[in-house]
Trainee: 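Supplied in structure tokens, the structure appears directly below.
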Amino acid sequence: PPRTVGIETGSDPSKATFTLMHEDHTLGNAVRYILAKNPEVAFAGYSVPHPSEPKMNIRVQTTGVPAEEAFMNSVLTLYKLTEHIETTFDEAIAGYDSRSSKR
């Protein structure tokens, strides 16, 4: 299924709700955590309205920067974090394999 993002904003760009289709608590909690670490974010929360509905809502309120900017930065940060974890893991496996092949 295609992954899509919907954005609901009012007249204040520092507040927005992002709806992500076909995502669940795994991504929701990770994005919420990254958002909460941002000092420009006043509130970050997520909800999955119903288990049978394939959508998740993320609410962002900032201290002035556009909520869309804070959201996109958090997703980019999360992406970079997962890339780092993958690289570190691959390096550790390669190091283990090279050490164990010498035995």
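Source: prediction; values computed, not measured.
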Trainee: Distance from Thr62 atom OG1 to Asp12 atom CG, nearest 0.5 Å?
Mentor: 7.5 Å
Trainee: Grouping I, L, V, M, F, W and Y whenever their side-chain heavy atoms are under 4.5 Å apart, do Val5 and Val48 come out in a common cluster?
Mentor: yes
Trainee: Mind checking the CG-CD spacing from Leu78 to Glu83? Nearest 0.5 Å is all I need.
Mentor: 11.0 Å
Trainee: Hey, which of Ile34, Asn29, Leu27 is the one that makes side-chain contact (heavy atoms from CB on, under 4.5 Å) with Val31?
Mentor: Leu27
Trainee: Side chains of residues 51-61: which donor-acceptor pairs under 3.5 Å do they make with residues two or more places apart or in other chains?
Mentor:
residue, atom, partner, partner atom, Å
Ser52, OG, His50, ND1, 2.8
Asn57, OD1, Thr19, OG1, 2.9
Arg59, NH1, Thr17, OG1, 3.0

Trainee: Please check this pair: side chain of Thr63 against backbone of Glu40, looking for a donor-acceptor N/O pair closer than 3.5 Å.
Mentor: yes
Trainee: Nearest 0.5 Å please: distance from the CZ atom of Phe43 over to the NZ atom of Lys15.
Mentor: 12.0 Å
Trainee: Can you see which heavy atom on Ser47 is nearest to which on Pro49, and at what distance?
Mentor: O-CD, 3.7 Å
Trainee: Between Val75 and Met21, is there shared hydrophobic-cluster membership here, with clusters defined by ILVMFWY side-chain heavy atoms closer than 4.5 Å?
Mentor: no
Trainee: Side-chain donor-acceptor pairs under 3.5 Å in residues 65-74, sequence neighbours left out?
Mentor:
residue, atom, partner, partner atom, Å
Asn73, ND2, Glu69, O, 3.3
Ser74, OG, Phe71, O, 2.6

